Amino acid sequence: HVQLVESGGGSVKAGGSLRLSCTDPGFTSNGCAMNWFRQAAGKQREWVATIRSDASRSYADSVKGRFTVSQVNDMTTVYLQMNDLKPEDTAMYYCKTDRVQRTFQHSSCRGRRIWGQGTQVTVS
């Protein structure tokens, strides 16, 4: 059963653009953050961007000013708009969604983490 569906990857020339999409139908129930990570061949996975339920956004320095993360109104889909792509952006891009963990006293964004299968981005 596929819980996260990613799309939008492909091959582009340097300076081009792509928009990645990640859909999590269950996010509306108790989701708190959607995240993008990437992993280049032979390298460690790195964090790229996050959008939270309060609409705050964070970006890795390597993509700041070029990438924009956004979320649709129903909160089920997150987009990663990637502009001015560079060869060093070549990687498998993964969506990760976080669920709220609630207690009697408080809640935190430390519940279930769901990972997508990834979508390949190649920049030449």
Side-chain angles (χ1 to χ4, degrees):
H1 176 68
V2 178
Q3 299 181 73
L4 287 180
V5 179
E6 297 153 302
S7 64
S11 298
V12 299
K13 299 294 185 182
S17 297
L18 286 171
R19 189 180 75 165
L20 307 184
S21 176
C22 172
T23 297
D24 178 4
F27 190 85
T28 55
S29 61
N30 59 352
C32 53
M34 286 185 164
N35 314 267
W36 288 99
F37 290 78
R38 67 186 182 186
Q39 186 170 25
K43 296 186 177 180
Q44 295 274 69
R45 180 179 293 172
E46 64 175 330
W47 168 75
V48 174
T50 296
I51 185 166
R52 305 173 188 88
S53 57
D54 64 0
S56 63
R57 306 168 188 180
S58 300
Y59 300 92
D61 287 342
S62 59
V63 306
K64 197 171 297 181
R66 300 187 297 120
F67 290 12
T68 302
V69 64
S70 61
Q71 194 172 28
V72 298
N73 289 338
D74 67 3
M75 299 186 293
T76 60
T77 298
V78 64
Y79 299 107
L80 184 67
Q81 179 66 47
M82 306 185 294
N83 298 325
D84 191 25
L85 284 161
K86 306 176 184 298
E88 52 263 42
D89 295 317
T90 295
M92 183 73 74
Y93 283 71
Y94 297 92
C95 179
K96 186 199 78 168
T97 66
D98 301 333
R99 298 291 195 266
V100 170
Q101 184 178 77
R102 294 185 174 92
T103 69
F104 291 111
Q105 294 81 22
H106 65 90
S107 64
S108 62
C109 196
R110 300 184 64 85
R112 184 183 180 189
R113 280 84 188 274
I114 305 171
W115 289 86
Q117 296 299 305
T119 184
Q120 179 68 39
V121 171
T122 302
V123 184
S124 61

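Atom set for the values below is all heavy atoms of this structure, side chains included, hydrogens, waters and symmetry mates excluded. Note that this is a predicted model, so its numbers are computed, not measured.
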Determine the minimum heavy-atom distance between [X] and [Y], stating which atoms define it.
{"X": "Gly8", "Y": "Leu18", "value": "O-CD2, 3.7 Å"}
{"X": "Asn83", "Y": "Ser17", "value": "OD1-OG, 2.9 Å"}
{"X": "Tyr59", "Y": "Ala49", "value": "CD2-CB, 3.7 Å"}

Notebook entry, point to check: Can Cys32 and Gln101 be said to form a side-chain contact (heavy atoms from CB on, under 4.5 Å), step by step?
Noted result: CA-CA 9 Å; Cys32 53; Gln101 184 178 77; over 6 Å; no
Is the closest side-chain heavy-atom distance between [X] and [Y] below 4.5 Å?
{"X": "Leu4", "Y": "Cys22", "result": "yes"}
{"X": "Ile114", "Y": "Phe27", "result": "no"}
{"X": "Arg57", "Y": "Thr68", "result": "yes"}
{"X": "Leu20", "Y": "Val121", "result": "yes"}
{"X": "Pro25", "Y": "Thr76", "result": "no"}
{"X": "Val63", "Y": "Met82", "result": "no"}

Note to self: Which residue in the set Asp61, Asp89, Asp84 passes salt bridge (Lys or Arg N to Asp or Glu O under 4.0 Å) when paired with Arg66?
What the structure shows: Asp89
Notebook entry, point to check: Between Thr122 and Thr90, do the side chains contain an N or O donor and an N or O acceptor separated by less than 3.5 Å?
Noted result: no
Note to self: Any donor-acceptor pair under 3.5 Å linking the side-chain atoms of Thr97 with those of Arg99?
What the structure shows: yes
Margin query: Atom CZ of residue position Arg45 - does it have more than 12 heavy atoms of other residues, nucleotides or ligands inside 6.0 Å?
Written below: yes
Item checked: Intermediate values then yes/no, side-chain contact (heavy atoms from CB on, under 4.5 Å), Glu6 and Ser21 -> CA-CA 6 Å; Glu6 297 153 302; Ser21 176; over 6 Å; no
Item checked: Same apolar cluster: Tyr93 and Ile51, side chain cutoff 4.5 Å -> yes
Item checked: Shared hydrophobic cluster, Leu85 / Val69 (ILVMFWY, side-chain heavy atoms < 4.5 Å) -> yes
About how many Å separate [atom2] of [Y] and [atom1] of [X], when rounded to the nearest 0.5 Å?
{"X": "Arg112", "Y": "Asp98", "atom1": "CZ", "atom2": "CG", "result": "11.5 Å"}
{"X": "Trp47", "Y": "Arg38", "atom1": "CH2", "atom2": "CZ", "result": "11.0 Å"}
{"X": "Ser53", "Y": "Met75", "atom1": "OG", "atom2": "CE", "result": "8.0 Å"}
{"X": "Gln120", "Y": "Gln39", "atom1": "CD", "atom2": "CD", "result": "10.5 Å"}
{"X": "Met92", "Y": "Thr119", "atom1": "CE", "atom2": "OG1", "result": "7.5 Å"}

Next item on the list: Could you label the plane-to-plane angle of the Trp115 and Tyr94 rings as parallel, tilted or perpendicular, counting under 30° as parallel and over 60° as perpendicular?
Entry: perpendicular
Notebook entry, point to check: Any donor-acceptor pair under 3.5 Å linking the side chain of Asn35 with the backbone of Lys96?
Noted result: yes
